[in-house]
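Written below as structure tokens is the structure these notes are about.
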Amino acid sequence: MAITLEELQLATRNHGLPLEALRYPVTPVGLHYLLTHFDVPVVPDGWRLRVGGQVKRELTLSLHDLRARPPTTSVVTMECAGNGRAHLDPRPVSQPWRSEAVGTGEWTGVPLRSLLVEAGVSQRAEEVLFSGSDRGVDGGVEQAYERSLPLDEAFREDVLLAYDLNGAPLPPQHGAPLRLVVPGWYGMTNVKWLERITVLERPFDGYQQTRAYRLRRDEDDEGIPLTRIRPRALMAPPGIPDFLSRHRIVDAGPCPLEGRAWSGLAPVAAVEVSVDGGAVWTAAEVEPQLGPWAWAGWRFVWEAAPGDYELLCRARDEAGNEQPLVPEWNVGGYANNAVQRVPVTVRA
Ligand SMILES: Nc1nc2c(c(=O)[nH]1)N[C@H]1C(S)=C(S)[C@@H](COP(=O)(O)O)O[C@H]1N2
Ligand SMILES: [Mo]
């Protein structure tokens, strides 16, 4: 099925991590993947964050107010729930990611929990809703980009309202002046261009919660909401690429393979590499993760003899979640963490 002009339009607005950038432990800002549903909004003069709904005290905070509070910094790997979509057959029509919708940022901001405590959340509260200032139409419904979190997740110590990325103010495309960062959860959770936080007594039923971001077998299936990131390992493609096909060419001899692995469900337990298309798997050396919800580097030296190969890598986490060899299809094309396959030609 050929890529449509609409998919191409999405793909030129929303870029992926060039896989060679897996070599950086923290992704340089311009190389971090990007996904924006509607338009990148301009921050209005006099921007304020409003915290309201089922709270004792409503809060209205300027960026200056937020920056005056004790900051927290954490390194977090973020991945779009649609990563891997383009490998599904038939391909669900949306942003056509292959495997590059990932990046790791050093996020600095204020713990969400501290603001919720200050506002005094009602006993009846169930969820917290995060509203961005970007608007558009999706599935025929006009909406602001909004998503909610269950109360227990919102109160986690490590959930941030971030104003800095890699030590500099958030750039417009990543959510300036403030965004939510929920370590371990798929990308859609991390609402950018945040302007309102609303404590709710009942589950949020907006489009991005009840129609999008659910694993559905068919259109009539109510589906299961996506939450945490499934494990994945990716390889920085070895050698040099052919310009058009990006097929890799490497020299015979010891060939260092390296990449990153992550899971939002549990720490990374192991990474395995196959150089024969998946018949034999060998353990790679895995470095410590850069934070509880950040990726781990891995490496493996391949004794490459002349010929054509398909290189594979796969991750397993400490909860026993493992990457499948074959993707499982769903309507939205979400959470396809089937193993990456890298065709390589070794020259003498
Ligand atoms: N306000 C708003 N927040 C948003 C989005 C959006 O379109 N609008 N996209 C979401 C999705 S689907 C992803 S994967 C991440 C991408 O974050 P990034 O562009 O900073 O990598 O932001 C999320 N937050
Ligand atoms: Mo996403």
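Keep in mind that what you see is a predicted model, and the values were worked out from it rather than measured. Whatever order the structure lists them in is the order used to number ligands and atoms, beginning at 1.
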Just distances here: any N/O of Tyr145 and N/O of ligand 1 closer than 3.5 Å?
-> no

Please identify which atoms of ligand 1 are closer than 4.0 Å to at least one heavy atom of Leu34.
-> 19 (O), 21 (O)

Residue pair Gln143 / Gln208, side-chain donor-acceptor N/O under 3.5 Å | yes

How many angstroms lie between CE in Met78 and OG1 in Thr27, if you round to the nearest 0.5 Å?
-> 10.5 Å

Minimum-distance protein heavy atom relative to atom 15 (C) of ligand 1 = Gly187 O, 3.4 Å

So which bit of Leu194 gets within less than 4.0 Å of ligand 1, heavy atoms only: side chain, backbone, both or neither?
-> neither

Ring-face cation contact, Trp281 with Arg314, 6.0 Å cut, 45° max | yes

Do the side-chain N and O atoms of Asn14 and Gln95 include a donor-acceptor pair separated by under 3.5 angstrom?
-> yes

For Arg179 and ligand 1, answer yes if some heavy atom of the residue is under 4.0 Å from a ligand atom, otherwise no.
-> yes

Close N or O approach (Glu79, ligand 1; < 3.5 Å) = no

In the protein, which heavy atom is nearest to atom 11 (C) of ligand 1, and how far is it?
-> Met188 CA, 3.6 Å

Could you tell me whether Thr36 approaches ligand 1 through its side chain, its backbone, both or neither, with non-hydrogen atoms closer than 4.0 Å?
-> backbone

Heavy-atom nearest neighbour in the protein, as seen from atom 3 (N) of ligand 1, with distance rounded to 0.1 Å | Lys192 N, 2.8 Å

Taking both backbone and side-chain atoms of Ala81, is any N or O found less than 3.5 Å from an N or O belonging to ligand 1?
-> no

Would you kindly specify which portion of Tyr213 sits under 4.0 Å from ligand 1, judged on non-hydrogen atoms: side chain, backbone, both or neither?
-> side chain

Please write down residue, atom name and distance for the protein heavy atom closest to atom 6 (C) of ligand 1.
-> His37 ND1, 3.5 Å

Under 30°, 30 to 60°, or over 60°: which ring-plane class applies to Trp295 and Trp262, parallel, tilted or perpendicular?
-> tilted

Run the numbers for me: atoms of ligand 1, each under 4.0 Å from some heavy atom of Cys80, listed by number.
-> 14 (S)

Residue Asn190 vicinity, atoms of ligand 1 by number, heavy atom under 4.0 Å = 22 (O), 23 (C), 24 (N)

Which bit of Tyr33 gets closer than 4.0 Å to ligand 1, counting heavy atoms only: side chain, backbone, both or neither?
-> both

Identify which one of Pro267, Pro183, Ser263 satisfies the side chain to side chain contact (heavy atoms under 4.5 Å, CB included) criterion when paired with Trp293.
-> Pro183

Check step by step if side-chain hydrogen bond (donor to acceptor under 3.5 Å, both in side chains) holds for Asp308 and Thr345.
-> CA-CA 5 Å; Asp308 289 322; Thr345 298; 2.8 Å; yes

With the side chain counted from C-beta on, respond yes when Glu127 and Leu151 share a heavy-atom pair under 4.5 Å apart, and no when they do not.
-> no

With Arg147 as the cation and Trp185 as the aromatic partner, state whether NZ or CZ is under 6.0 Å from the six-membered ring centre and within 45° of the axis.
-> no

Between Arg216 and Glu219, is there a salt bridge with N-O shorter than 4.0 Å?
-> yes

Just which atoms of ligand 1 are under 4.0 Å from any heavy atom in His32?
-> 21 (O)

Looking only at side chains, do Gln340 and Ser99 share a donor and an acceptor under 3.5 Å apart?
-> no

Note: ligand 1 atoms sitting under 4.0 Å from heavy atoms of Trp193 are 1 (N), 2 (C), 8 (N)

Looking only at N/O atoms, are Asp134 and ligand 1 under 3.5 Å apart anywhere?
-> yes

